2 protein chains.
Amino acid sequence: MNTASTGGGGREPRWLTEDEQRVWRAYLHATTLLEDHLDRQLQRDAGMPHIYYGLLVQLSQAPRRRKRMTELAIDAKITRSRLSHAIARLEKNGWVRREDCPSDKRGQNAVLTDDGFKILERSAPGHVEAVRQAMFDRLTPEQVGKLGEIMKIMAEGLQPQDSGADLPWLR
Amino acid sequence: MNTASTGGGGREPRWLTEDEQRVWRAYLHATTLLEDHLDRQLQRDAGMPHIYYGLLVQLSQAPRRRKRMTELAIDAKITRSRLSHAIARLEKNGWVRREDCPSDKRGQNAVLTDDGFKILERSAPGHVEAVRQAMFDRLTPEQVGKLGEIMKIMAEGLQPQDSGADLPWLR
DNA sequence: GACTCATTCTTGAAAGTTGAACTATGTGGG
DNA sequence: CCCACATAGTTCAACTTTCAAGAATGAGTC
(Lines give C-alpha, C1' and ligand atoms only; values in the text may rest on other atoms or scores of the structure.)
Protein backbone atom coordinates (compact mmCIF):
# COMPACT_ATOMS: atom_id res chain seq x y z
CA MET A 1 0.00 0.00 0.00
CA ASN A 2 1.30 3.44 -0.84
CA THR A 3 -1.46 4.96 1.23
CA ALA A 4 0.83 5.95 4.02
CA SER A 5 -0.64 9.42 3.83
CA THR A 6 -4.14 8.10 4.22
CA GLY A 7 -4.06 8.24 7.96
CA GLY A 8 -4.07 11.99 7.82
CA GLY A 9 -0.40 12.61 8.26
CA GLY A 10 0.15 14.11 4.83
CA ARG A 11 0.00 17.66 3.52
CA GLU A 12 -3.01 19.56 2.33
CA PRO A 13 -5.49 17.02 0.97
CA ARG A 14 -6.65 17.30 -2.58
CA TRP A 15 -10.28 18.10 -1.84
CA LEU A 16 -12.92 17.52 -4.45
CA THR A 17 -14.03 20.42 -6.59
CA GLU A 18 -17.67 21.45 -6.65
CA ASP A 19 -18.18 19.53 -9.85
CA GLU A 20 -16.48 16.45 -8.52
CA GLN A 21 -18.58 16.57 -5.40
CA ARG A 22 -21.69 16.69 -7.50
CA VAL A 23 -20.59 13.68 -9.49
CA TRP A 24 -19.62 11.79 -6.39
CA ARG A 25 -22.94 12.45 -4.73
CA ALA A 26 -24.81 11.47 -7.86
CA TYR A 27 -22.80 8.27 -7.99
CA LEU A 28 -23.54 7.39 -4.39
CA HIS A 29 -27.15 8.32 -4.81
CA ALA A 30 -27.72 6.27 -7.93
CA THR A 31 -25.79 3.21 -6.86
CA THR A 32 -27.47 3.09 -3.46
CA LEU A 33 -30.92 3.46 -4.90
CA LEU A 34 -30.32 0.84 -7.55
CA GLU A 35 -28.89 -1.69 -5.17
CA ASP A 36 -31.76 -1.20 -2.77
CA HIS A 37 -34.22 -1.46 -5.61
CA LEU A 38 -32.81 -4.73 -6.90
CA ASP A 39 -32.51 -6.18 -3.43
CA ARG A 40 -36.17 -5.54 -2.85
CA GLN A 41 -37.21 -6.73 -6.25
CA LEU A 42 -35.41 -10.01 -5.82
CA GLN A 43 -36.35 -10.46 -2.20
CA ARG A 44 -39.95 -10.09 -3.26
CA ASP A 45 -39.86 -12.14 -6.46
CA ALA A 46 -37.21 -14.72 -5.69
CA GLY A 47 -36.97 -14.77 -1.94
CA MET A 48 -33.32 -13.84 -1.74
CA PRO A 49 -31.07 -10.80 -1.82
CA HIS A 50 -29.34 -9.70 -4.98
CA ILE A 51 -25.98 -11.16 -4.05
CA TYR A 52 -27.48 -14.60 -3.47
CA TYR A 53 -29.20 -14.42 -6.79
CA GLY A 54 -25.83 -13.60 -8.33
CA LEU A 55 -24.40 -16.75 -6.83
CA LEU A 56 -27.07 -18.88 -8.44
CA VAL A 57 -26.43 -17.16 -11.76
CA GLN A 58 -22.74 -17.92 -11.53
CA LEU A 59 -23.44 -21.55 -10.79
CA SER A 60 -25.94 -21.79 -13.63
CA GLN A 61 -23.29 -20.63 -16.06
CA ALA A 62 -20.52 -22.84 -14.77
CA PRO A 63 -19.75 -26.19 -16.36
CA ARG A 64 -21.94 -28.87 -14.83
CA ARG A 65 -23.55 -26.10 -12.78
CA ARG A 66 -21.00 -26.36 -10.03
CA LYS A 67 -18.03 -24.46 -8.78
CA ARG A 68 -15.40 -24.62 -6.11
CA MET A 69 -16.20 -22.44 -3.14
CA THR A 70 -13.13 -20.28 -3.38
CA GLU A 71 -13.55 -19.73 -7.08
CA LEU A 72 -17.15 -18.76 -6.57
CA ALA A 73 -16.16 -16.36 -3.82
CA ILE A 74 -13.61 -14.68 -6.04
CA ASP A 75 -15.96 -14.41 -8.99
CA ALA A 76 -18.69 -12.98 -6.83
CA LYS A 77 -16.25 -10.67 -5.08
CA ILE A 78 -17.15 -11.76 -1.61
CA THR A 79 -15.20 -13.32 1.23
CA ARG A 80 -15.20 -17.03 1.72
CA SER A 81 -16.81 -16.50 5.06
CA ARG A 82 -19.71 -14.68 3.54
CA LEU A 83 -20.01 -17.31 0.88
CA SER A 84 -20.08 -20.08 3.46
CA HIS A 85 -23.05 -18.46 5.17
CA ALA A 86 -24.76 -17.72 1.90
CA ILE A 87 -24.41 -21.25 0.58
CA ALA A 88 -25.66 -22.59 3.90
CA ARG A 89 -28.77 -20.52 3.50
CA LEU A 90 -29.28 -21.47 -0.14
CA GLU A 91 -28.76 -25.09 0.79
CA LYS A 92 -31.50 -24.79 3.35
CA ASN A 93 -33.74 -23.53 0.56
CA GLY A 94 -32.80 -26.55 -1.52
CA TRP A 95 -31.42 -24.39 -4.31
CA VAL A 96 -27.82 -25.42 -3.89
CA ARG A 97 -26.09 -28.40 -2.41
CA ARG A 98 -22.52 -29.00 -1.39
CA GLU A 99 -20.44 -31.82 -2.67
CA ASP A 100 -16.94 -32.89 -1.74
CA CYS A 101 -14.35 -32.03 -4.29
CA PRO A 102 -12.99 -35.29 -5.69
CA SER A 103 -9.47 -34.03 -6.32
CA ASP A 104 -8.90 -32.06 -3.14
CA LYS A 105 -10.24 -33.30 0.15
CA ARG A 106 -10.23 -29.79 1.55
CA GLY A 107 -12.45 -28.57 -1.24
CA GLN A 108 -16.16 -28.27 -1.70
CA ASN A 109 -18.22 -27.70 -4.77
CA ALA A 110 -21.37 -25.69 -4.64
CA VAL A 111 -23.86 -27.32 -6.99
CA LEU A 112 -26.98 -25.69 -8.36
CA THR A 113 -29.95 -28.00 -7.85
CA ASP A 114 -32.86 -28.39 -10.22
CA ASP A 115 -34.99 -26.40 -7.84
CA GLY A 116 -32.36 -23.71 -7.85
CA PHE A 117 -32.37 -23.64 -11.60
CA LYS A 118 -36.13 -23.35 -11.67
CA ILE A 119 -36.09 -20.42 -9.30
CA LEU A 120 -33.63 -18.77 -11.62
CA GLU A 121 -35.74 -19.41 -14.70
CA ARG A 122 -38.74 -18.08 -12.92
CA SER A 123 -37.22 -14.89 -11.59
CA ALA A 124 -34.76 -14.00 -14.34
CA PRO A 125 -37.29 -12.21 -16.57
CA GLY A 126 -38.44 -9.92 -13.79
CA HIS A 127 -34.90 -9.20 -12.80
CA VAL A 128 -33.75 -8.35 -16.29
CA GLU A 129 -36.73 -6.12 -16.65
CA ALA A 130 -35.82 -4.30 -13.46
CA VAL A 131 -32.27 -3.81 -14.64
CA ARG A 132 -33.50 -2.57 -17.99
CA GLN A 133 -35.89 -0.10 -16.49
CA ALA A 134 -33.26 1.26 -14.17
CA MET A 135 -30.39 1.47 -16.59
CA PHE A 136 -30.64 0.51 -20.25
CA ASP A 137 -34.04 1.97 -20.99
CA ARG A 138 -32.96 5.31 -19.63
CA LEU A 139 -29.58 5.70 -21.28
CA THR A 140 -28.63 6.30 -24.88
CA PRO A 141 -26.45 3.67 -26.52
CA GLU A 142 -23.61 6.13 -26.37
CA GLN A 143 -24.07 6.57 -22.65
CA VAL A 144 -24.18 2.85 -22.12
CA GLY A 145 -20.91 2.58 -23.97
CA LYS A 146 -19.28 5.28 -21.90
CA LEU A 147 -20.61 3.77 -18.70
CA GLY A 148 -19.07 0.46 -19.63
CA GLU A 149 -15.67 2.03 -20.24
CA ILE A 150 -15.79 4.02 -17.05
CA MET A 151 -16.80 1.10 -14.88
CA LYS A 152 -14.12 -1.04 -16.42
CA ILE A 153 -11.47 1.52 -15.58
CA MET A 154 -12.68 1.91 -12.02
CA ALA A 155 -12.86 -1.81 -11.46
CA GLU A 156 -9.32 -2.25 -12.70
CA GLY A 157 -8.04 0.24 -10.19
CA LEU A 158 -9.71 -1.58 -7.35
CA GLN A 159 -8.71 -5.08 -8.23
CA PRO A 160 -7.66 -7.01 -5.13
CA GLN A 161 -4.09 -5.87 -5.41
CA ASP A 162 -1.21 -7.90 -4.13
CA SER A 163 -1.32 -8.78 -0.49
CA GLY A 164 0.93 -8.57 2.51
CA ALA A 165 -0.93 -10.20 5.34
CA ASP A 166 -3.11 -13.20 5.74
CA LEU A 167 -5.63 -13.14 2.97
CA PRO A 168 -6.74 -9.62 2.28
CA TRP A 169 -5.96 -10.40 -1.31
CA LEU A 170 -9.19 -12.25 -1.32
CA ARG A 171 -11.08 -9.01 -1.28
CA MET B 1 -46.30 -0.22 -10.36
CA ASN B 2 -46.68 -1.34 -13.90
CA THR B 3 -44.52 -4.30 -13.18
CA ALA B 4 -47.32 -6.77 -13.34
CA SER B 5 -45.25 -8.78 -15.73
CA THR B 6 -42.36 -8.86 -13.32
CA GLY B 7 -43.51 -12.02 -11.68
CA GLY B 8 -42.82 -13.92 -14.82
CA GLY B 9 -46.28 -13.94 -16.31
CA GLY B 10 -45.42 -11.77 -19.31
CA ARG B 11 -44.25 -12.58 -22.80
CA GLU B 12 -40.70 -13.14 -23.94
CA PRO B 13 -38.46 -11.04 -21.74
CA ARG B 14 -36.19 -8.47 -23.28
CA TRP B 15 -32.91 -10.14 -22.43
CA LEU B 16 -29.73 -8.15 -22.33
CA THR B 17 -27.51 -8.15 -25.37
CA GLU B 18 -23.93 -9.30 -25.08
CA ASP B 19 -22.76 -5.72 -24.85
CA GLU B 20 -25.33 -4.85 -22.27
CA GLN B 21 -24.35 -7.82 -20.19
CA ARG B 22 -20.75 -6.72 -20.30
CA VAL B 23 -21.68 -3.25 -19.12
CA TRP B 24 -23.91 -4.61 -16.41
CA ARG B 25 -21.23 -6.90 -15.11
CA ALA B 26 -18.67 -4.12 -15.19
CA TYR B 27 -21.08 -1.93 -13.28
CA LEU B 28 -21.69 -4.53 -10.60
CA HIS B 29 -18.05 -5.33 -10.41
CA ALA B 30 -16.88 -1.74 -10.02
CA THR B 31 -19.57 -0.61 -7.62
CA THR B 32 -19.09 -3.62 -5.37
CA LEU B 33 -15.35 -3.26 -5.26
CA LEU B 34 -15.53 0.44 -4.57
CA GLU B 35 -18.08 0.14 -1.83
CA ASP B 36 -16.09 -2.61 -0.16
CA HIS B 37 -12.93 -0.61 -0.52
CA LEU B 38 -14.39 2.49 1.09
CA ASP B 39 -16.04 0.50 3.83
CA ARG B 40 -12.72 -0.99 4.77
CA GLN B 41 -10.86 2.25 4.43
CA LEU B 42 -13.26 4.00 6.77
CA GLN B 43 -13.61 1.13 9.16
CA ARG B 44 -9.88 1.15 9.50
CA ASP B 45 -9.27 4.89 9.64
CA ALA B 46 -12.45 6.15 11.27
CA GLY B 47 -13.91 3.14 13.00
CA MET B 48 -17.19 3.14 11.17
CA PRO B 49 -18.73 1.96 7.92
CA HIS B 50 -19.13 4.25 4.96
CA ILE B 51 -22.79 4.91 5.52
CA TYR B 52 -22.19 6.05 9.10
CA TYR B 53 -19.48 8.34 7.91
CA GLY B 54 -21.97 9.76 5.43
CA LEU B 55 -24.34 10.53 8.26
CA LEU B 56 -21.69 12.52 10.09
CA VAL B 57 -20.89 14.41 6.90
CA GLN B 58 -24.54 15.31 6.42
CA LEU B 59 -24.75 16.58 9.97
CA SER B 60 -21.54 18.55 9.63
CA GLN B 61 -22.99 20.39 6.65
CA ALA B 62 -26.38 21.08 8.18
CA PRO B 63 -27.14 24.35 9.91
CA ARG B 64 -26.05 24.17 13.53
CA ARG B 65 -24.76 20.68 12.79
CA ARG B 66 -28.09 19.08 13.50
CA LYS B 67 -30.91 17.56 11.57
CA ARG B 68 -34.26 15.96 12.11
CA MET B 69 -34.11 12.19 12.03
CA THR B 70 -36.53 11.80 9.16
CA GLU B 71 -34.82 14.41 7.07
CA LEU B 72 -31.48 12.78 7.68
CA ALA B 73 -32.89 9.41 6.74
CA ILE B 74 -34.25 10.75 3.48
CA ASP B 75 -31.05 12.57 2.59
CA ALA B 76 -28.99 9.50 3.36
CA LYS B 77 -31.44 7.25 1.52
CA ILE B 78 -31.95 4.88 4.38
CA THR B 79 -34.96 3.82 6.40
CA ARG B 80 -35.75 5.50 9.66
CA SER B 81 -35.30 2.21 11.40
CA ARG B 82 -31.82 1.84 10.09
CA LEU B 83 -31.06 5.40 11.03
CA SER B 84 -32.32 4.86 14.56
CA HIS B 85 -29.92 2.00 15.05
CA ALA B 86 -27.09 3.86 13.39
CA ILE B 87 -27.53 6.97 15.49
CA ALA B 88 -27.71 4.81 18.59
CA ARG B 89 -24.35 3.39 17.70
CA LEU B 90 -22.83 6.75 16.90
CA GLU B 91 -24.23 8.11 20.12
CA LYS B 92 -22.49 5.34 22.00
CA ASN B 93 -19.29 6.48 20.35
CA GLY B 94 -19.96 10.00 21.52
CA TRP B 95 -19.95 11.37 17.98
CA VAL B 96 -23.62 12.27 17.86
CA ARG B 97 -26.22 13.04 20.45
CA ARG B 98 -29.98 13.23 20.26
CA GLU B 99 -31.97 16.22 21.29
CA ASP B 100 -35.72 16.72 21.45
CA CYS B 101 -37.13 18.80 18.68
CA PRO B 102 -38.53 21.98 20.21
CA SER B 103 -41.33 22.44 17.73
CA ASP B 104 -42.58 18.85 17.44
CA LYS B 105 -42.63 16.66 20.49
CA ARG B 106 -42.47 13.57 18.33
CA GLY B 107 -39.31 14.73 16.70
CA GLN B 108 -35.65 14.26 17.44
CA ASN B 109 -32.63 16.05 16.17
CA ALA B 110 -29.40 14.25 15.62
CA VAL B 111 -26.59 16.59 16.64
CA LEU B 112 -22.97 16.21 15.68
CA THR B 113 -20.78 16.52 18.77
CA ASP B 114 -17.37 18.11 18.88
CA ASP B 115 -15.84 14.68 19.08
CA GLY B 116 -17.82 13.70 16.03
CA PHE B 117 -16.56 16.72 14.19
CA LYS B 118 -12.99 15.92 15.13
CA ILE B 119 -13.29 12.40 13.84
CA LEU B 120 -14.54 13.82 10.60
CA GLU B 121 -11.70 16.31 10.33
CA ARG B 122 -9.26 13.58 11.05
CA SER B 123 -10.57 11.04 8.58
CA ALA B 124 -11.80 13.26 5.75
CA PRO B 125 -8.42 13.65 4.04
CA GLY B 126 -7.86 9.93 3.85
CA HIS B 127 -11.35 9.36 2.61
CA VAL B 128 -11.14 11.97 -0.13
CA GLU B 129 -7.86 10.51 -1.16
CA ALA B 130 -9.41 7.07 -1.44
CA VAL B 131 -12.27 8.41 -3.53
CA ARG B 132 -9.84 10.26 -5.76
CA GLN B 133 -7.65 7.26 -6.30
CA ALA B 134 -10.61 5.09 -7.14
CA MET B 135 -12.47 7.49 -9.39
CA PHE B 136 -11.25 10.94 -10.26
CA ASP B 137 -7.59 10.15 -10.73
CA ARG B 138 -8.43 7.42 -13.17
CA LEU B 139 -11.00 9.16 -15.35
CA THR B 140 -10.62 11.96 -17.84
CA PRO B 141 -12.59 15.13 -17.16
CA GLU B 142 -14.85 14.18 -20.01
CA GLN B 143 -15.51 10.79 -18.47
CA VAL B 144 -16.24 12.36 -15.12
CA GLY B 145 -18.77 14.62 -16.80
CA LYS B 146 -20.45 11.72 -18.56
CA LEU B 147 -20.51 9.70 -15.39
CA GLY B 148 -22.24 12.53 -13.61
CA GLU B 149 -24.93 12.78 -16.27
CA ILE B 150 -25.47 9.07 -16.34
CA MET B 151 -25.74 8.69 -12.58
CA LYS B 152 -28.13 11.61 -12.43
CA ILE B 153 -30.41 9.98 -14.96
CA MET B 154 -30.34 6.64 -13.20
CA ALA B 155 -31.02 8.18 -9.83
CA GLU B 156 -34.00 10.05 -11.19
CA GLY B 157 -35.54 6.87 -12.47
CA LEU B 158 -35.21 5.22 -9.09
CA GLN B 159 -36.49 8.02 -6.96
CA PRO B 160 -38.75 6.71 -4.21
CA GLN B 161 -41.82 6.88 -6.38
CA ASP B 162 -45.27 7.35 -4.96
CA SER B 163 -46.40 4.67 -2.61
CA GLY B 164 -49.36 2.46 -2.06
CA ALA B 165 -48.75 0.77 1.21
CA ASP B 166 -47.43 1.84 4.54
CA LEU B 167 -44.23 3.70 4.03
CA PRO B 168 -42.28 2.17 1.21
CA TRP B 169 -42.06 5.69 -0.16
CA LEU B 170 -39.35 6.21 2.35
CA ARG B 171 -37.02 4.11 0.31
C1' DG C 1 -63.13 17.56 23.16
C1' DA C 2 -63.33 13.01 20.94
C1' DC C 3 -62.40 10.34 16.92
C1' DT C 4 -59.67 8.96 13.32
C1' DC C 5 -55.86 8.88 10.71
C1' DA C 6 -51.12 10.42 9.63
C1' DT C 7 -46.43 11.13 11.07
C1' DT C 8 -42.21 10.49 14.01
C1' DC C 9 -39.23 7.61 15.99
C1' DT C 10 -37.99 3.37 18.49
C1' DT C 11 -37.77 -1.49 19.41
C1' DG C 12 -37.07 -6.53 18.94
C1' DA C 13 -36.20 -10.48 16.42
C1' DA C 14 -34.52 -12.56 12.35
C1' DA C 15 -31.34 -12.35 8.62
C1' DG C 16 -26.97 -11.06 6.79
C1' DT C 17 -22.02 -9.51 7.14
C1' DT C 18 -17.42 -9.16 9.08
C1' DG C 19 -12.96 -10.50 10.88
C1' DA C 20 -10.50 -13.57 13.51
C1' DA C 21 -9.81 -18.11 15.05
C1' DC C 22 -9.99 -22.87 13.96
C1' DT C 23 -9.87 -27.64 11.52
C1' DA C 24 -8.24 -30.22 8.00
C1' DT C 25 -5.70 -31.12 3.97
C1' DG C 26 -2.01 -30.03 0.55
C1' DT C 27 3.03 -28.91 -0.53
C1' DG C 28 7.89 -28.45 -0.46
C1' DG C 29 12.26 -29.40 1.99
C1' DG C 30 15.10 -31.70 4.99
C1' DC D 1 8.71 -39.45 7.54
C1' DC D 2 8.55 -34.88 9.70
C1' DC D 3 8.38 -30.24 9.67
C1' DA D 4 6.83 -25.70 8.54
C1' DC D 5 3.90 -23.28 6.02
C1' DA D 6 0.17 -22.47 2.55
C1' DT D 7 -4.83 -23.30 1.18
C1' DA D 8 -9.79 -24.51 1.67
C1' DG D 9 -13.63 -23.95 4.17
C1' DT D 10 -16.20 -23.37 8.39
C1' DT D 11 -17.46 -21.31 12.74
C1' DC D 12 -18.05 -17.95 16.38
C1' DA D 13 -19.04 -13.46 18.25
C1' DA D 14 -19.83 -8.82 17.34
C1' DC D 15 -22.05 -5.80 14.44
C1' DT D 16 -25.39 -4.09 10.86
C1' DT D 17 -29.65 -4.30 8.27
C1' DT D 18 -34.43 -5.46 7.61
C1' DC D 19 -39.19 -5.96 8.62
C1' DA D 20 -42.99 -5.76 11.38
C1' DA D 21 -44.92 -3.88 15.47
C1' DG D 22 -45.50 -0.45 18.85
C1' DA D 23 -45.69 4.17 21.63
C1' DA D 24 -46.36 8.91 21.30
C1' DT D 25 -47.69 13.20 19.20
C1' DG D 26 -49.88 15.99 15.53
C1' DA D 27 -53.88 17.34 12.49
C1' DG D 28 -58.39 17.33 10.56
C1' DT D 29 -63.29 16.64 11.32
C1' DC D 30 -67.42 16.56 13.62
Side-chain angles (χ1 to χ4, degrees), chain A residues 32 35-44 47-55 67-74 76-93 96-110 163-171, chain B residues 32 35-44 47-55 67-74 76-93 96-110 163-171:
Chain A
T32 320
E35 187 171 298
D36 284 4
H37 182 62
L38 293 183
D39 258 341
R40 280 152 203 296
Q41 186 265 315
L42 282 170
Q43 191 70 60
R44 176 165 49 79
M48 65 190 125
H50 188 197
I51 185 99
Y52 287 28
Y53 180 88
L55 295 175
K67 220 168 200 179
R68 280 290 290 273
M69 292 293 278
T70 294
E71 196 185 346
L72 185 50
I74 291 173
K77 279 95 186 144
I78 62 179
T79 56
R80 286 185 300 219
S81 170
R82 189 174 176 184
L83 179 63
S84 253
H85 291 298
I87 294 295
R89 195 272 219 186
L90 292 171
E91 204 169 20
K92 218 179 281 179
N93 283 288
V96 167
R97 64 187 167 75
R98 288 178 221 242
E99 116 191 324
D100 291 343
C101 174
S103 56
D104 186 336
K105 283 184 188 167
R106 296 168 303 177
Q108 293 269 283
N109 281 322
S163 112
D166 197 13
L167 56 156
W169 62 273
L170 220 189
R171 308 210 63 215
Chain B
T32 321
E35 188 172 298
D36 283 4
H37 182 63
L38 294 183
D39 258 341
R40 280 155 202 295
Q41 186 264 316
L42 283 170
Q43 190 71 58
R44 176 166 50 78
M48 66 190 125
H50 189 198
I51 184 103
Y52 288 27
Y53 180 87
L55 295 175
K67 220 168 198 178
R68 279 291 290 273
M69 292 292 279
T70 294
E71 196 185 344
L72 185 50
I74 292 173
K77 279 96 187 143
I78 63 178
T79 57
R80 283 185 300 215
S81 171
R82 189 175 175 183
L83 180 62
S84 253
H85 290 298
I87 293 295
R89 195 272 220 188
L90 292 171
E91 205 169 19
K92 218 178 281 180
N93 283 288
V96 167
R97 63 186 167 77
R98 288 180 222 242
E99 113 191 328
D100 291 343
C101 173
S103 56
D104 186 336
K105 283 183 190 170
R106 295 168 304 178
Q108 293 270 281
N109 281 322
S163 110
D166 196 13
L167 55 155
W169 62 271
L170 220 189
R171 311 208 63 215

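Per chain, numbering begins at 1; letters A, B, ... match sequence-line order. From a predicted model like this one, the values you see are computed outputs, not experimental measurements.
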To the closest 0.5 Å, what do you measure between [atom1] ([X]) and [atom2] ([Y])?
| X | Y | atom1 | atom2 | result |
| --- | --- | --- | --- | --- |
| Met48(A) | Leu42(A) | CE | CG | 7.0 Å |
| Leu90(A) | Arg97(A) | CG | CZ | 14.0 Å |
| Arg68(B) | Asn109(B) | CZ | CG | 6.5 Å |
| Leu83(A) | Leu55(A) | CG | CG | 6.0 Å |

[X] [atom1] to [N] [atom2], straight-line distance once rounded to whole Å:
| X | N | atom1 | atom2 | answer |
| --- | --- | --- | --- | --- |
| Glu99(B) | dC9(C) | CD | P | 12 Å |
| Asn93(A) | dG16(C) | CG | C1' | 14 Å |
| Lys92(A) | dA14(C) | NZ | C1' | 11 Å |
| Asp39(B) | dT17(C) | CG | P | 13 Å |
| His50(B) | dT17(C) | NE2 | P | 19 Å |
| Gln41(B) | dT18(C) | CD | C1' | 17 Å |
| Gln108(A) | dT25(C) | CD | P | 12 Å |
| Leu72(A) | dA8(D) | CG | P | 14 Å |

ring-ring contact (aromatic ring centres under 6.0 Å, His included) involving His85(A) - partner list, sequence neighbours excluded: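 Residues passing ring-ring contact (aromatic ring centres under 6.0 Å, His included) with His85(A): none at all.
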Relative orientation of the end axes in the helix from dG1(C)-dC30(D) to dG30(C)-dC1(D), expressed as an angle to the nearest 10° (five pairs per end): 10°
Consider the side chain of [X], meaning its heavy atoms from C-beta on, and name the nucleotide among [options] that approaches it most closely.
| X | options | answer |
| --- | --- | --- |
| Lys105(B) | dG9(D), dT10(C), dT25(D) | dT25(D) |
| Ser81(A) | dT18(C), dA8(D), dC9(C) | dT18(C) |
| Met69(B) | dT10(C), dC12(D), dC19(D) | dT10(C) |

Side-chain donor or acceptor of Asp39(B) paired with backbone N/O of His50(B) under 3.5 Å: yes
What protein N or O atoms touch nucleotides 13-16 of chain D N or O atoms at under 3.5 angstrom, if any, and at what distances?
residue : atom : partner  : partner atom : Å
dT16(D) : OP1  : Arg89(B) : NE           : 2.9
dT16(D) : OP1  : Arg89(B) : NH2          : 2.9

Arg68(A) side-chain N/O to dG9(D) phosphate OP1/OP2 under 4.0 Å: yes
Among all residues two or more places apart in sequence or in another chain, which pass the side chain to side chain donor-acceptor pair (under 3.5 Å) test with [X]?
| X | answer |
| --- | --- |
| Arg89(B) | none |
| Arg98(A) | Glu91(A) |
| Asn93(B) | none |

Nearest-nucleotide 5' precedence on DNA chain C, Leu83(B) against Arg106(A): Leu83(B)
